[in-house]
Amino acid sequence: MLKVKRKRISNGVKKLAKQEGFSLMELLIVISFVSAMTLLIVAVSVSNNKLRYINEERTQALFYSTEALEAVELMNWNDLVVGDYSVELSGDSWVLNSGSQLLDNKYTRTISVEDVYRLDSSNGHSYGEIVTSGGYLDPDTKKATVSISWSSKAGSSKVESFQSYFYRWKAERWMQTDWVGGDGQGTWSDTTKFATKESGTDISVPGITTLQSGFIDWNDATTTANFDTPGNFDENDVYEVDDIAYLVTENNSSGSEFYILDVSDIYNPTELASLNIGASVNSVVVKGDYAYLATDGNNKELTTIDVSNPGSPSIVDTNDIGGNANAFDVVVDDTELYLVKGKYLYSFSLIDPAEPDYLDRINVDDKARELFLSENNVYIATEEDDAELQIVDVTNPANLNQIGEYDLPGNLKATDVYVLGNTAYISTQNNGGGPEFFIFEISDPSDPVYIGDYNFNETIHSFGIVGPYALVGTNFLNEELSVIDISVPASPSPVSGFDLSGYVLGMSANCSIIYAATSSNDGEFFIISTEVADCGYASSGTLESSTFDTDSAQVTYNWLSFTGSQPIDTDIRFQIATSNNSTGPWSFVGPNGTSGTYYSVAAQEFINYSAHLDQRYMRYKLFLNTNSSWEVPILEEVTISYSVYP
């Protein structure tokens with residue numbers, strides 16, 4: 001019995017010993033784990049504290065930097081000379097002091113002001129990219145750098161820097177787009193008036209200033225000559241400049257579609273040269289040494305011809321626009337070309353006038369027929385029955401933007417369009433008893449306003465505007481060319497008509513001569529003239545604006561720009577006068593600060609900086625000149641940019 005009990009006790013002790021051994025091992029593991037975690041937590045906590053200190057300190061540094069830059073922006077411009085500064089609040093105003101400052105006994109703040117230099121300079125204005133070496137001092141820009149340094153609780157030295165550029169000015173603009181209110185206004189108030197003008201300057205048409213013309217009575221006109229091109233092919237268009245007429249026709253399978261005529265003798269036009277284009281040509285326009293054609297050719301819808309020698313023209317470029325639609329019309333300005341083909345308006349760059357370069361296109365819904373380019377807009381006559389007149393903004397020719405349209409009454413198809421100043425004219429096919437000639441006020445191109453019409457009772461093929469007259473090519477058999485007086489847009493009235501034995505499909509006109517391209521089979525090209533050598537154009541004229549008040553004697557004048565048309569041998573020029581007295585005197589000067597120079601760059605030209613600095617009152621003087629027999633310059637808008645600074 002005792003042995004058995006001892007054996008049992010022994011076994012129990014062994015089991016207990018084994019159990020106590022496992023508990024000690026587990027305890028050691030737990031102790032090790034807790035120790036490691038404690039060390040990790042302490043390390044993370046320390047690291048987090050450092051990060052918190054850094055973030056808090058950087059946030060404070062950012063606040064002090066922003067505060068300093070905002071204070072600098074409020075400073076008087078003349079106080080921002082090159083150097084190191086601090087700022088402090090004195091009452092309600094910030095004060096600029098020399099040297100650095102200590103904030104919260106911890107942060108050292110230094111504001112460094114530096115001059116700025118730019119890449120280019122013109123008429124005393126520095127412009128272009130900011131450069132770090134070389135360049136031209138820009139007196140209207142300063143660079144401010146705020147540096148914040150401190151000893152961080154994290155145990156290291158920290159520095160943060162922030163910079164900004166400050167400009168002395170904010171640009172404002174003075175613009176005039178109408179002069180019809182007349183002269184006699186000393187101080188600018190009525191936007192259609194001005195101070196004085198010469199008798200040669202004509203301001204009678206709203207939205208433009210041009211040179212005076214007598215506008216001969218077309219009742220006295222007669223056909224002086226015609227010219228018969230080979231074959232029975234319609235002549236689609238004509239463009240005349242400097243006594244040279246450029247004539248284009250339907251496709252002539254055995255001959256030419258492009259003709260150059262000498263029309264200096266209106267009684268005896270003579271052919272100088274011709275070219276085989278190989279397709280119908282629908283429109284022609286000439287700019288400088290090049291003629292641009294809109295054609296039916298599938299691989300040459302836009303064709304460029306060198307006409308520098310009118311006796312020996314040559315094709316220098318053809319542009320395949322793609323698709324099978326025909327190109328109907330083309331217009332140009334100094335730097336771009338616009339062409340309509342099918343349902344698209346296309347834009348091209350003329351940086352190289354011999355090779356127009358495609359920029360953009362825009363859908364104009366249906367067949368677009370004719371174009372007119374005025375200022376920054378192209379006006380389009382289309383066959384779209386709910387938007388016969390469409391207006392596209394071409395301010396950026398690489399991004400065309402439709403801004404306006406007008407739906408003529410009924411299901412009409414537009415045939416031609418013309419714009420003069422703030423007035424647009426559009427013609428249509430036969431309206432079955434309704435008008436085919438419509439007049440709109442377009443001071444806001446996005447919202448054309450109907451102001452008048454005229455009923456011809458026939459289709460209009462083409463038309464032109466000369467002074468107060470519309471020269472209209474109709475579908476009448478015995479009066480293919482009609483002249484109407486549009487001086488009162490609400491009630492146009494007939495003047496005269498001409499039987500040309502062919503419909504006028506295109507025309508080019510001036511104050512006493514009409515060059516007509518017709519569908520006649522015998523003598524397709526007509527010249528119609530009043531037979532008056534001088535029809536009353538003034539060769540020059542000036543206009544002086546009212547006095548504009550900038551409201552400050554701390555002002556700089558930035559640039560001048562203008563829009564309008566300057567045919568060959570005509571020009572538009574300006575001079576600027578400024579004063580600190582609202583009554584002058586007014587000494588008009590140009591870009592170099594003398595009376596012998598003029599602002600003549602339409603896009604934008606810098607105004608002489610020093611000649612007008614800190615002069616509160618301003619006037620401009622317009623100079624119009626022509627050396628052409630018939631053509632005159634037309635001003636539509638002038639803009640002057642100025643900046644008032646604190």
Heavy-atom check, side chain of [X] versus side chain of [Y], under 4.5 Å:
{"X": "V466", "Y": "L471", "value": "yes"}
{"X": "L624", "Y": "V632", "value": "no"}
{"X": "I426", "Y": "D416", "value": "no"}
{"X": "L412", "Y": "N431", "value": "yes"}
{"X": "D453", "Y": "Y425", "value": "no"}
{"X": "F562", "Y": "L635", "value": "yes"}
{"X": "T542", "Y": "K621", "value": "yes"}
{"X": "Y503", "Y": "S519", "value": "yes"}

Is a donor from one side chain sitting under 3.5 angstrom from an acceptor on the other, for [X] and [Y]?
{"X": "S427", "Y": "T415", "answer": "yes"}
{"X": "T201", "Y": "E198", "answer": "no"}
{"X": "S600", "Y": "E605", "answer": "no"}
{"X": "D329", "Y": "S283", "answer": "yes"}
{"X": "N475", "Y": "H461", "answer": "yes"}
{"X": "T570", "Y": "T626", "answer": "no"}
{"X": "Q390", "Y": "Q402", "answer": "yes"}
{"X": "N592", "Y": "T597", "answer": "yes"}

- Task: Mind running side-chain contact (heavy atoms from CB on, under 4.5 Å) on M175 and E637 for me, showing each step along the way?
- Result: CA-CA 7 Å; M175 180 184 300; E637 175 182 295; 3.8 Å; yes
- Query: Less than 4.0 Å between a side-chain N and a carboxylate O, is that true for K287 and D333?
  - Reply: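 The answer is no: the pair does not qualify as a salt bridge.
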- Which class fits the ring pair Y292 and Y290: parallel under 30°, tilted 30 to 60°, perpendicular over 60°?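 Rings of Y292 and Y290: tilted, 30 to 60°.
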- Query: Which class fits the ring pair F372 and Y418: parallel under 30°, tilted 30 to 60°, perpendicular over 60°?
  - Reply: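 It falls in the tilted class, 30° to 60°.
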Work out which heavy atom in [X] is nearest to a heavy atom in [Y]; give both atom names and the distance.
{"X": "Q575", "Y": "Y598", "value": "NE2-CE2, 3.4 Å"}
{"X": "D178", "Y": "G207", "value": "OD1-N, 2.9 Å"}
{"X": "E636", "Y": "I208", "value": "CG-CG2, 4.0 Å"}
{"X": "P356", "Y": "L302", "value": "CB-CD2, 4.0 Å"}
{"X": "F463", "Y": "V472", "value": "CB-CA, 3.9 Å"}
{"X": "L339", "Y": "A294", "value": "CD1-CB, 4.1 Å"}

State the [atom1]-[atom2] distance between [X] and [Y], to the nearest 0.5 angstrom.
{"X": "D571", "Y": "F623", "atom1": "CG", "atom2": "CZ", "answer": "11.0 Å"}
{"X": "D234", "Y": "S280", "atom1": "CG", "atom2": "OG", "answer": "9.0 Å"}
{"X": "S446", "Y": "N401", "atom1": "OG", "atom2": "CG", "answer": "10.5 Å"}
{"X": "I442", "Y": "L420", "atom1": "CD1", "atom2": "CG", "answer": "9.0 Å"}
{"X": "I640", "Y": "W559", "atom1": "CD1", "atom2": "CH2", "answer": "9.5 Å"}
{"X": "L505", "Y": "E524", "atom1": "CG", "atom2": "CD", "answer": "10.5 Å"}

Sidechain-backbone polar pair: [X] side chain, [Y] backbone, donor-acceptor under 3.5 Å:
{"X": "D262", "Y": "S264", "answer": "yes"}
{"X": "N376", "Y": "V394", "answer": "no"}
{"X": "T459", "Y": "N430", "answer": "yes"}
{"X": "T295", "Y": "K300", "answer": "yes"}
{"X": "T518", "Y": "F525", "answer": "no"}
{"X": "D393", "Y": "T395", "answer": "yes"}
{"X": "E479", "Y": "S482", "answer": "no"}
{"X": "D306", "Y": "P313", "answer": "no"}
{"X": "Q176", "Y": "T639", "answer": "no"}
{"X": "S508", "Y": "E240", "answer": "yes"}

- Message: The test is side chain to side chain donor-acceptor pair (under 3.5 Å); show your working for E235 and T229 and say whether it passes.
- Response: CA-CA 9 Å; E235 295 184 358; T229 55; 3.0 Å; yes
- Item | Criterion side-chain contact (heavy atoms from CB on, under 4.5 Å) on V378 and I380, from CA distance to verdict | CA-CA 6 Å; V378 170; I380 311 172; 3.9 Å; yes
- State which residue, out of V285, V340, V330, fulfils the side-chain contact (heavy atoms from CB on, under 4.5 Å) condition with L371.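 One option only clears the test, and that one is V340.
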- Message: I need the single residue from L275, N252, L247 that forms a side-chain contact (heavy atoms from CB on, under 4.5 Å) with F258. Which is it?
- Response: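 Single side-chain contact (heavy atoms from CB on, under 4.5 Å) partner of F258 among L275, N252, L247: L275.
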- Task: May I have the step-by-step check of side-chain contact (heavy atoms from CB on, under 4.5 Å) for L293 and I277, ending in yes or no?
- Result: CA-CA 9 Å; L293 314 183; I277 305 301; 3.8 Å; yes
- Can you list the steps and then say if Y346 with Y338 is a ring pair (Phe, Tyr, Trp, His ring centres under 6.0 Å)? CA-CA 6 Å; Y346 295 83; Y338 302 92; over 10 Å; no
- Which residues pass the salt bridge (charged side-chain N to carboxylate O under 4.0 Å, His left out) test with E301, sequence neighbours left out?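 For E301 the salt bridge (charged side-chain N to carboxylate O under 4.0 Å, His left out) partners, ignoring immediate neighbours, are K341.
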- Start with the C-alpha distance between T210 and V205, add both sets of side-chain angles, then the distance that settles side-chain contact (heavy atoms from CB on, under 4.5 Å), and finish with yes or no. CA-CA 9 Å; T210 185; V205 178; over 6 Å; no
- Please walk me through it: do R369 and E383 pass salt bridge (Lys or Arg N to Asp or Glu O under 4.0 Å)? CA-CA 7 Å; R369 306 296 300 187; E383 293 185 351; 3.6 Å; yes
